Amino acid sequence: MEELNPDKLANEPTPSKKTFDKLIRVLKGLIYIILFLLFLAFIPVYLLFWVDGVKDVGVRMTTSNHNTFNISDSLSTNGIKLSKSLEKEYNKNLAKLNTYTPKQSFIVINISENTFKLYNAKRVLIREGVCSTGSYITLESGKKKWEFQTPKGMLKVHGKITNPVWVRPDWSFIEEGLPVPSARHDSRYEYGVLGDYAMSLGDGYLIHGTIYQRFLGMPVTHGCVRLGDDDLEVVYKTLVLGSKVYIY
Amino acid sequence: MTKILRLLINFVKKFKVIFIFIAVCLLFLVAYTVVSVMAAKKQITIINEKYKSEIAMEGIEYPKILNLRKESAFIQARLELAKYDSVTLIVDLVDSLVLLDLKGVIVHQAKIIDFTKSEVLASLSNEAVVNIMASPMHIINQTSTIVKVPKKIVIAPKDTIEAANNVVARDTLDLNPSFYYFELDNGFEISIIHEQKEGYSYFPLILNQKIKVFKETIRGMRHFKLPEYIPGIKIELKKADAKTVFRALPHQATVILRM
């Protein structure tokens with residue numbers, strides 16, 4: 001029979017210490033696994049996103065700036081001459097660029113946001129507000145097609161009309177599921193629906209009023225630009241024949 | 001030879017495969033970064049060479065003359081834009097503005113909330129910067145989360161009852177996040193995002209853009225070539241501005257830069 005050695009017994013780990021060691025080992029393993037997973041996740045994040053920042057730092061650190069400046073404010077005689085000639089050229093080009101700004105009142109229409117800005121002849125903004133522009137709807141009826149888009153670009157006011165009458169085109173009947181009447185049929189003429197004023201932009205497009213005030217600010221028209229009553233009056237009175245209309 | 005092999009075996013035994021894997025990955029990351037930096041540096045040389053003046057620009061070392069030259073170049077480019085019938089884009093990084101120009105008239109002005117530009121663009125020679133500003137660039141490709149023209153097709157109703165039911169939903173694309181990037185003919189890229197407090201739902205497109213760069217770099221590394229580096233400008237605009245700018249520009253719009 002083996003004799004019990006008290007020293008050996010004292011060195012042997014107790015069951016609780018054994019469990020603690022096991023726990024530590026498991027935790028250690030878990031930490032390693034988490035670290036490894038973090039490293040794996042770091043790789044694509046770094047390659048796709050963070051590398052740009054590192055790249056920029058790398059470029060900054062390794063590129064010597066070739067742009068050497070003469071920090072003295074005083075220019076030589078040649079420098080002064082050059083500076084004057086450049087200033088002259090700049091002012092000449094700036095004046096040339098300014099000739100593109102209209103000399104008459106003009107209006108700018110944003111068809112994405114359905115807003116307008118009206119400027120007077122002095123290029124001062126005098127009114128801004130909401131409008132309605134083309135709905136981007138394409139109406140298809142058999143082989144016929146109508147696209148209800150407001151044209152983009154620089155147009156001009158070709159005509160000014162008070163108390164305009166709307167002569168309904170074919171698509172307005174087709175859109176409502178009605179039979180298309182003859183060209184001069186009474187049902188084609190509608191009074192008061194275009195507001196008190198209209199300005200022609202060519203190709204059948206108009207800036208006019210509307211009885212559907214609740215739709216202002218929305219893309220709901222057949223290509224024309226609709227304004228609220230008060231805005232329409234100001235726009236009509238400000239724009240002249242030939243005034244530029246910028247639509248974007 | 002056997003000694004080396006034994007050393008290697010011992011190494012593997014000692015540090016286990018996992019450490020080798022990590023080492024290989026780290027090595028790859030370093031190589032990828034180095035290649036990317038080298039490609040960027042090469043691009044600086046290419047752009048500087050491409051936009052080098054035939055006759056040396058006099059007085060460019062003086063800040064006052066450099067500024068005059070830059071402003072002159074910018075106005076010259078704007079004059080060039082005025083010849084176009086369609087809307088053109090002006091990215092003004094000096095005043096933090098994105099402008100839409102139509103026949104020489106600024107029709108829309110959007111304040112840049114924030115922007116970042118590749119270090120490559122900041123490291124160019126002054127001469128190259130002046131010449132870039134003077135030369136309008138053209139968009140060759142546009143990628144976006146929103147549609148350019150929100151077209152809807154409506155079939156003509158048979159009668160008034162069908163017409164009454166034919167209500168077309170409003171421009172629901174308004175709700176979409178705006179993120180788009182323009183690839184320019186000179187190799188630059190301009191990305192525009194709507195302000196980030198509106199959410200990051202455009203993330204998939206950003207990821208696509210990044211994956212494209214990653215693939216290009218890997219292709220270069222595989223063939224022991226430097227990948228093509230795309231210098232870019234990333235601009236953050238208000239949501240409405242971002243949508244307006246994208247929809248106003250035609251597919252092959254002209255762009256000028258002020259930096």
Side-chain angles (χ1 to χ4, degrees), chain A residues 36 39 43 46-49 51 54-60 62-63 65-71 73 75 78-79 82-83 86-87 89-90 93-94 96-97 99-102 106 108 110-113 135-142 149 152-154 174-178 218-219 244 246 248, chain B residues 18 22 25 29 32-33 36-37 40-41 44 58-59 61-65 68-69 71-72 75-76 78-79 82 85-87 100 102-105 107-108 118-120 123 125-126 149-163 168 170-171 207 210-211 214 240 243-244 247-248:
Chain A
F36 183 65
F39 177 74
I43 296 171
Y46 175 81
L47 289 174
L48 294 176
F49 299 100
V51 75
V54 178
K55 208 190 292 179
D56 282 351
V57 172
V59 171
R60 210 174 303 145
T62 55
T63 311
N65 199 342
H66 306 294
N67 300 320
T68 48
F69 283 109
N70 192 331
I71 47 163
D73 275 343
L75 297 171
N78 282 345
L82 178 66
S83 162
L86 284 171
E87 258 173 66
E89 192 194 327
Y90 171 77
N93 283 338
L94 193 65
K96 221 182 200 178
L97 187 67
T99 60
Y100 284 94
T101 312
F106 63 99
V108 177
N110 176 347
I111 61 172
S112 291
E113 289 298 303
S135 62
Y136 287 104
I137 285 174
T138 302
L139 178 68
E140 287 183 359
S141 172
Q149 285 184 39
K152 286 180 190 172
M154 190 190 78
I174 293 167
E175 189 185 40
E176 290 181 11
L178 294 167
M218 296 181 196
K244 286 175 179 164
Y246 296 92
Y248 69 100
Chain B
I18 213 149
I22 289 171
C25 286
L29 294 183
Y32 186 92
T33 310
S36 300
V37 172
K41 287 191 69 174
I44 295 172
E58 218 184 310
E61 67 275 12
Y62 292 98
K64 191 186 170 185
I65 290 180
L68 269 170
R69 282 203 184 275
E71 289 311 305
S72 226
I75 293 291
Q76 207 179 307
R78 281 203 58 198
L79 273 173
D85 283 328
S86 52
V87 179
L100 293 177
L102 180 54
K103 303 275 303 164
V105 174
V107 290
H108 190 85
S118 308
E119 191 56 33
V120 164
S123 308
S125 71
N126 288 328
V149 183
K151 274 188 179 175
K152 288 157 259 182
I153 293 173
V154 171
I155 305 296
K158 288 186 193 80
D159 48 40
T160 49
I161 299 163
E162 202 180 304
V168 176
R170 268 197 64 219
D171 185 5
L207 191 65
K210 299 286 183 189
I211 287 172
F214 174 73
K243 195 181 82 173
T244 297
R247 290 210 175 147

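No hydrogens, no waters, no symmetry mates; every other heavy atom, side chains included, goes into these values. Quick caveat: nothing in here was measured; it's all calculated off a predicted structure. Labels below follow one simple rule: chain letters A, B, ... track the order of the sequence lines, proteins then strands, and each chain is numbered from 1.
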Novice: Ignoring hydrogens, what is the shortest heavy-atom contact between A/Val59 and B/Ser123? Give both atom names and the distance.
Specialist: CG1-OG, 3.9 Å

Novice: Taking side chain as everything from C-beta outward and backbone as N, CA, C, O, which of these in A/Tyr246 sits under 4.5 Å from a heavy atom of chain B? Side chain, backbone, both or neither.
Specialist: both

Novice: State, to 0.1 Å, how close A/Leu48 and B/Lys210 come at their nearest heavy-atom pair, and which atoms those are.
Specialist: O-CD, 3.0 Å

Novice: Between B/Val87, B/Leu102, B/Val120, which has the largest tally of heavy atom pairs under 4.5 Å with chain A?
Specialist: B/Leu102

Novice: Is the shortest side-chain heavy-atom distance between B/Phe214 and A/Val51 below 4.5 Å?
Specialist: no

Novice: When rounded to the nearest 0.5 angstrom, what distance separates CZ in B/Arg247 from CD1 in A/Ile111?
Specialist: 9.5 Å

Novice: With rounding to the nearest 0.5 Å, note down the distance linking CZ in A/Phe36 to CD1 in B/Ile18.
Specialist: 4.0 Å

Novice: With only heavy atoms counted, which part of B/Lys103 is less than 4.5 Å from chain A, the side chain, the backbone, both or neither?
Specialist: both

Novice: Hey, is the main chain of A/Thr62 close enough, under 3.5 Å, to the side chain of B/Lys41 for a donor-acceptor pair?
Specialist: yes

Novice: Do you know which two heavy atoms are closest between B/Gly104 and A/Tyr100, and how far apart they sit?
Specialist: CA-CB, 3.9 Å

Novice: Heavy-atom count around A/Glu140 CD within 6.0 Å, excluding the residue itself: above 12?
Specialist: yes

Novice: Going from OG1 on A/Thr138 to CD1 on B/Ile155, what distance comes out if it is rounded to the nearest 0.5 angstrom?
Specialist: 10.0 Å

Novice: What is the minimum heavy-atom distance between A/Tyr248 and B/Ala248, and which atoms define it?
Specialist: CD1-CB, 3.8 Å

Novice: Output the distance between atom CG (B/Leu79) and atom CG (A/Leu94), rounded to the nearest 0.5 Å.
Specialist: 9.0 Å

Novice: For chain B, which of A/Val108, A/Leu97, A/Asn110 has the most heavy-atom pairs under 4.5 Å?
Specialist: A/Leu97

Novice: Hey, are the side chains of A/Lys244 and B/Val105 touching, using non-hydrogen atoms and a 4.5 Å cut-off?
Specialist: no

Novice: Taking all atoms of both residues into account, what is the closest heavy-atom pair of A/Ser135 and B/Lys152, and its distance?
Specialist: O-NZ, 3.4 Å

Novice: Under 4.5 Å from any heavy atom of chain A, what part of B/Ser86 do you find: side chain, backbone, both or neither?
Specialist: neither

Novice: Below 4.5 Å, heavy-atom pairs only: which of A/Lys152, A/Arg60, A/Lys96 has the largest tally toward chain B?
Specialist: A/Arg60

Novice: Write down the atom of A/Leu82, the atom of B/Arg69, and the distance for their closest heavy-atom approach.
Specialist: CD1-NH2, 3.8 Å

Novice: Under 4.5 Å, counting heavy-atom pairs only, tell me which of B/Ile75, B/Leu100, B/Leu207 racks up the most with chain A.
Specialist: B/Ile75

